[in-house]
Every structure is written in C-alpha cells, then in structure tokens.
*Asks:* 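Supplied in structure tokens, the structure appears directly below.
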Amino acid sequence: MSRQKATTADIDWYLISIDRLKKGTAIIVLLLLAGGGAWWWFFGQSPKELARRAIGDAQNSLNELASVSDFASVSADFNRGRGKLDEAREQYAAANWPAAEANAREAANIATMALARIPGEGQFDAQFLTVEGDVQFQKGASGDWRRASARDPLFNGDWVKTGGGASAELIFFNGSLYTIGPNALLEIYATVNPKTSQKQDHVQMQIGSVEINTSADASTVRTPGTQVVVQSESTAQVGVSPQKQTEVVTLKGGAAVASSRGGEAVDLGAGQQIEANPQGELGPVRDMVEPPTLLSPADNQVFQAGADRNIELIWQAQPDASTYRIQVSRSRLFSSLEIEDRRSSTRATTRVTEQGAFYWRVASIGRDGRRGPFSSFRRFRVVGGISGAPSAIVDKTPPTLELKRPFRIGGQYYLFEGKIEPGASLFLDDEEVGVETNGTFQKLVTFGKVGWNTVVIRAVDPSGNQTVQRENVYVEE
C-alpha cells in the first residue's frame with residue numbers, strides 16, 4: 001500500500017489493489033451475513049420462536065373456524081384442533097419446542113382443512129372419479145357411512161372403504177390418481193405445507209391396496225408401520241394385509257419408504273419393492289417379479305359373437321416365473337371378475353358368447369412364491385353377428401354419442417364423461433379411451449394451455465361409421 005498527499009485538499013488517499021478490495025469486501029459481507037444469521041437464529045428462527053409463531057398461527061386459524069356461521073358442521077374439527085393446540089402449549093411450557101411446533105401446525109392444518117369444507121371457503125381435497133360395487137365414505141368422525149357416487153367430494157379427515165369385489169378411483173386436487181382395491185379402508189389426510197402454504201395430498205391406509213399415479217406433486221401414504229412418499233410423475237402400489245404387514249412396489253419413477261419408528265428413508269427405483277412389519281421394521285429392497293408381456297389378442301381387437309367363439313389369450317414367458325395369474329373382467333378396474341385362474345403355461349382359451357368389452361391382464365408368480373404386479377390390461381371387444389354370414393343390409397348408421405358438459409376437477413384438470421353405443425370405440429383427440437360394457441366412459445383431461453381449448457370426441461362403430469362432437473373448454477390462468 002502506498003500513500004500520496006492530495007494537491008488540492010487536506011485529504012489522505014490510499015491506493016488499494018482490486019484483489020485486496022475484493023477480499024476486504026468479501027470479509028465484510030461475510031461478517032455481516034454471519035451477524036445477521038446469528039441474529040436470525042437467536043431471534044427469528046430459533047426452535048422456541050418457531051414454536052411460538054406456530055402456536056399463534058394455530059390460534060388465528062381456530063378463531064377463524066369458530067367464527068363461521070355454520071359452526072355445528074365443523075365443531076368436531078374445532079375440538080380436534082383445540083386439543084392439539086392445548087398439547088402444543090403444554091409442550092411449549094415444558095420447553096419441548098419441536099413437539100410444540102409440530103402439534104401447533106397440525107392444529108392449524110385441521111382448521112384450514114375444515115374451512116375448505118364450507119361452500120365458498122375452499123376446494124375439496126379429493127373426489128370420487130369412478131365407483132364400482134359397494135364403496136362408501138364417512139364425513140370426518142360423523143359415524144355415518146354413505147354410499148359413494150362419482151363426483152362426491154372428500155375432505156381432510158374423511159374415510160373411504162370398499163367392499164369385496166368393489167373398487168374406486170379418487171382424483172386429488174393436484175391431479176394425482178388413486179385406484180383403491182377391494183376390502184380397503186383409508187383416511188384422507190391432506191395437509192398444508194407451512195413453507196409454501198400449498199396443500200399436499202396424504203392418505204392413511206388401514207387395510208387393503210391402493211395404486212398411486214402422481215402428477216407434478218409427490219404423494220404420501222401412511223401405513224401402520226411406514227410412511228411412503230411417491231415421487232412426482234411416478235406410479236407405486238401400497239398394500240396393507242389384515243396382519244398389518246406393508247408392501248410397497250414402485251412401477252414407474254421412484255418412492256421413499258421410511259419406518260414409523262424414525263430413521264433414514266429407503267429409496268426405491270422402478271421395478272423394486274420392500275416389505276415392513278407392523279412395528280416398522282423394513283425388509284431388504286428386492287427386484288419385483290416382472291409381469292409378462294401380453295401378446296394376443298391385440299389391444300382393442302374385435303371378435304364376432306357366436307356360440308362356438310373361442311378366444312385364445314397368449315402372453316410371453318417370464319424367466320423368473322413359475323406360474324401365472326390371469327384375470328378377465330368386464331371392468332377396467334377388475335372389481336368383478338369373469339375369470340380368475342392360475343396357469344403354468346403361457347396361454348388360456350376362453351369361450352365368449354355375449355357382446356361387450358372385456359379386459360384381461362396377467363401377473364407372474366416367482367419361483368419363491370412371491371406374487372408380482374399385474375401387467376397393464378388389454379381390451380378386446382365382442383360384437384353381434386356371425387363372422388362371414390351373408391347380410392343384405394350394410395350398416396350405415398352412425399353410433400350414438402351422448403356427452404355431458406366437461407366437469408372441472410380443479411386447475412387445468414377436466415373430467416369428460418358420457419355414453420356411446422355399446423361395441424363402438426371412443427377417441428378424444430385421436431387418443432382411444434376405455435369404454436365400459438354398457439357404453440359409459442370417463443376420461444380425465446389435462447390442459448397445458450391457458451385460454452380456450454378444443455377437444456374433438458369421436459365414436460366409431462365396427463362398420464367404420466362415426467359420430468363427431470367438439471367441446472370448447474376455457475382454462476383460467
């Protein structure tokens with residue numbers, strides 16, 4: 001460093017190199033950041049301060065809940081939330097800051113979700129998309145079970161159960177799709193992320209099975225022994241046995257499985273599975289027994305009905321499989337089965353005499369007896385008439401197409417549903433849509449463009465006749 005005397009003023013000037021200036025500035029900045037961080041930790045982000053703020057937020061949320069006009073409809077939730085808040089205050093007084101914060105946030109979450117139930121206060125957390133068989137739901141802790149129907153809304157604290165031979169699809173507010181199997185019992189446990197103030201979908205499984213297809217958000221499933229976080233854009237199956245054993249299989253994407261006793265989560269990639277006992281002890285990660293590839297008939301192949309019509313179902317052999325499970329159903333959810341069999345060969349023959357759509361799938365059973373997941377289903381259709389029989393009349397009548405007004409699920413998600421002539425095929429913007437035996441259909445459509453969107457719906461019968469409709473849907477930003 002050199003020193004010069006100013007010629008026009010009594011000021012000392014110091015010449016400092018750029019490198020040294022950078023170093024000095026960096027030190028000052030670091031000191032300021034360290035001081036600010038220390039102040040933020042001791043006065044803004046300390047565990048005690050976080051707990052205090054969470055308790056204040058919970059009290060405000062409960063005050064808002066207590067002020068609604070129809071308080072009787074949310075009194076049970078208010079009491080639950082107040083109980084959690086009381087626990088938080090007791091833990092705060094005992095200097096157990098993390099537990100106090102956790103209970104306070106749960107109290108605020110209960111109040112927030114209860115407010116969402118009130119018309120005009122918020123959106124539902126989930127909604128029945130498809131219902132097959134004996135499916136019921138319970139509103140909170142009301143004790144009254146109601147028979148479920150498509151579009152019935154579900155909120156935080158509601159319960160869903162399915163009977164034998166029943167199944168249901170739930171669509172959550174963020175587009176995640178849950179397919180619930182038979183003899184299942186689960187609770188909707190949506191929460192609010194305190195950092196983003198955004199809702200997150202959670203489900204608490206007591207028994208049964210569920211397949212989760214996530215959208216851009218992750219989904220969480222709690223079981224008696226685990227917590228399973230299914231990553232975004234993933235598909236996983238979670239099952240809980242009557243003995244409270246948990247099995248998790250990741251079909252696409254990834255999932256993280258953590259024990260309810262704590263500890264680090266175990267990551268699962270596509271094609272992996274893990275089991276856990278009711279106490280949360282996790283078993284080893286293993287590769288699942290891969291399902292076979294379905295070969296014939298081709299997807300959506302059409303057959304003519306007849307008294308002697310035999311259809312051969314063929315699939316590819318799996319090296320690790322000893323036997324196979326095959327299912328044929330009139331439902332794409334396989335809630336009721338026309339055929340359920342176990343085969344050591346890779347083919348099965350079925351005689352079909354009735355018209356309609358049929359779905360079939362196959363699962364592998366490993367040499368150690370482990371059951372793998374089912375393959376994606378294929379569909380074949382049986383239509384009236386005898387193949388090759390002379391006909392004086394050529395069918396030129398377009399198939400019927402009854403389309404309901406598209407129903408907004410939330411955000412950019414819309415439900416298209418209606419009915420077409422049985423035996424016909426349905427296409428939405430050239431994508432084929434599964435149709436039930438009686439001609440009814442449902443399709444969830446996600447729009448990526450804000451503003452007006454046009455969807456072309458086509459019904460095509462086996463003779464090639466078609467009926468076309470167009471629906472315009474406006475998506476708000």
Side-chain angles (χ1 to χ4, degrees), residues 130 132 165 167 291-318 324-364 374-402 417-428 430-443 457-468:
T130 305
E132 294 186 357
S167 187
T293 300
L294 306 186
L295 300 178
S296 179
D299 195 23
N300 206 37
Q301 186 169 340
V302 179
F303 297 91
Q304 296 290 327
D308 58 349
R309 166 59 65 189
N310 291 327
I311 299 175
E312 191 170 38
L313 310 176
I314 305 174
W315 56 94
Q316 192 173 51
Q318 265 295 329
Y324 303 92
R325 296 171 62 197
I326 180 171
Q327 291 182 342
V328 180
S329 176
R330 287 181 175 268
S331 161
R332 63 181 177 83
L333 300 184
F334 292 82
S335 54
S336 59
L337 299 175
E338 300 291 321
I339 298 173
E340 183 172 27
D341 199 7
R342 186 165 173 165
R343 292 294 179 95
S344 57
S345 63
T346 57
R347 61 183 62 213
T349 302
T350 178
R351 176 171 295 180
V352 180
T353 59
E354 298 181 6
Q355 299 184 53
F358 295 85
Y359 303 83
W360 68 289
R361 61 186 185 180
V362 182
S364 302
F374 277 99
S375 63
S376 299
F377 66 75
R378 277 192 178 182
R379 181 179 68 149
F380 62 87
R381 293 184 295 124
V382 179
V383 298
I386 304 299
S387 178
S391 175
I393 301 176
V394 178
D395 181 13
K396 294 184 178 181
T397 304
T400 57
L401 170 58
E402 301 172 9
E417 57 183 334
K419 186 174 184 179
I420 64 174
E421 182 179 297
S425 301
L426 180 74
F427 299 87
L428 264 67
D430 295 326
E431 178 186 354
E432 187 168 5
V433 176
V435 180
E436 303 298 336
T437 305
N438 61 0
T440 59
F441 64 88
Q442 287 185 328
K443 174 65 176 178
I457 303 97
R458 292 188 300 122
V460 184
D461 66 17
S463 298
N465 304 305
Q466 63 178 356
T467 300
V468 180

*Asks:* Name each donor-acceptor pair under 3.5 Å that joins a side chain in residues 311-318 to protein atoms two or more places apart or in another chain, with its distance.
*Replies:*
residue: Glu312; atom: OE2; partner: Arg347; partner atom: NH1; Å: 3.0
residue: Gln318; atom: NE2; partner: Pro291; partner atom: O; Å: 3.4

*Asks:* If I take atom CD from residue Glu402 and atom OG1 from residue Thr400, how far apart are they, to the nearest 0.5 angstrom?
*Replies:*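 It comes to 6.0 Å.
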*Asks:* Please check: side-chain N/O of Thr440 versus main-chain N/O of Lys419, any donor-acceptor pairing under 3.5 Å?
*Replies:*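 The answer is no, because no donor-acceptor pair under 3.5 Å joins these two groups.
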*Asks:* Minimum heavy-atom separation for Thr130 to Gln442, with atom names?
*Replies:*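 What the structure gives for the nearest pair is OG1-OE1, 2.8 Å.
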*Asks:* Locate the shortest heavy-atom distance separating Phe303 from Pro297; write the atom from each residue and the value.
*Replies:*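 In this case the closest contact between Phe303 and Pro297 is CZ-CB, 3.7 Å.
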*Asks:* What pair of heavy atoms forms the shortest contact from Gly434 to Tyr359, and how long is it?
*Replies:*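 Reported closest heavy-atom pair: C-OH, 4.3 Å.
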*Asks:* Nearest 0.5 Å, please: how far is CZ in Phe374 from CG in Leu294?
*Replies:*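 Between Leu294 CG and Phe374 CZ, I get 11.0 Å after rounding to 0.5 Å.
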*Asks:* Which distance, rounded to the nearest 0.5 Å, do you find between the CG of Leu401 and the CG of Leu426?
*Replies:*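 The CG atom of Leu426 is 7.0 Å from CG of Leu401, to the nearest 0.5 Å.
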*Asks:* For a 4.5 angstrom cut-off between non-hydrogen side-chain atoms, does Thr346 reach Pro292?
*Replies:*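 Not touching, per the 4.5 Å side-chain cut-off.
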*Asks:* Between CD of Glu436 and CZ of Arg330, what distance do you get to the nearest 0.5 Å?
*Replies:*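 Result: 11.0 Å between the selected atoms.
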*Asks:* What is the minimum heavy-atom distance between Arg379 and Ala357, and which atoms define it?
*Replies:*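 Smallest heavy-atom distance, with atoms named: CD-CB, 4.0 Å.
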*Asks:* Just so I know, are the side chains of Val435 and Ile420 near enough to count as touching, which here means a heavy-atom distance under 4.5 Å?
*Replies:*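 Result yes, sub-4.5 Å side-chain heavy-atom pair found.
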*Asks:* Atom NZ in Lys443, atom CD in Glu432: separation rounded to 0.5 Å?
*Replies:*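 These two atoms lie 11.0 Å from each other.
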*Asks:* Distance check, rounded to the nearest 0.5 Å: Ile326 atom CD1 versus Arg343 atom CZ?
*Replies:*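 Between atom CD1 of Ile326 and atom CZ of Arg343 there are 7.0 Å.
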*Asks:* Using every non-hydrogen atom in the two residues, find where Gln304 and Val382 come nearest and quote the distance to one decimal.
*Replies:*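 Looking at all heavy atoms of both residues, the shortest contact is C-CG1, 4.3 Å.
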*Asks:* Parallel, tilted or perpendicular: which describes the rings of Phe380 and Phe358, with under 30° parallel and over 60° perpendicular?
*Replies:*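 Ring orientation, 0 to 90° scale: parallel.
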*Asks:* Looking at residues at least two apart in the chain, or sitting in another chain, which of them share a salt bridge (charged side-chain N to carboxylate O under 4.0 Å, His left out) with Asp299?
*Replies:*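 Partners of Asp299 under the salt bridge (charged side-chain N to carboxylate O under 4.0 Å, His left out) test: none.
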*Asks:* With sequence neighbours excluded, what pairs up with Ser331 under the side chain to side chain donor-acceptor pair (under 3.5 Å) test?
*Replies:*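 Testing Ser331 for side chain to side chain donor-acceptor pair (under 3.5 Å), a comparison that skips the adjacent residues, returns Glu132.
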*Asks:* Answer yes or no: is there a side-chain heavy-atom contact under 4.5 Å between Ser329 and Phe377?
*Replies:*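 With C-beta onward as the side chain, the pair stays apart.
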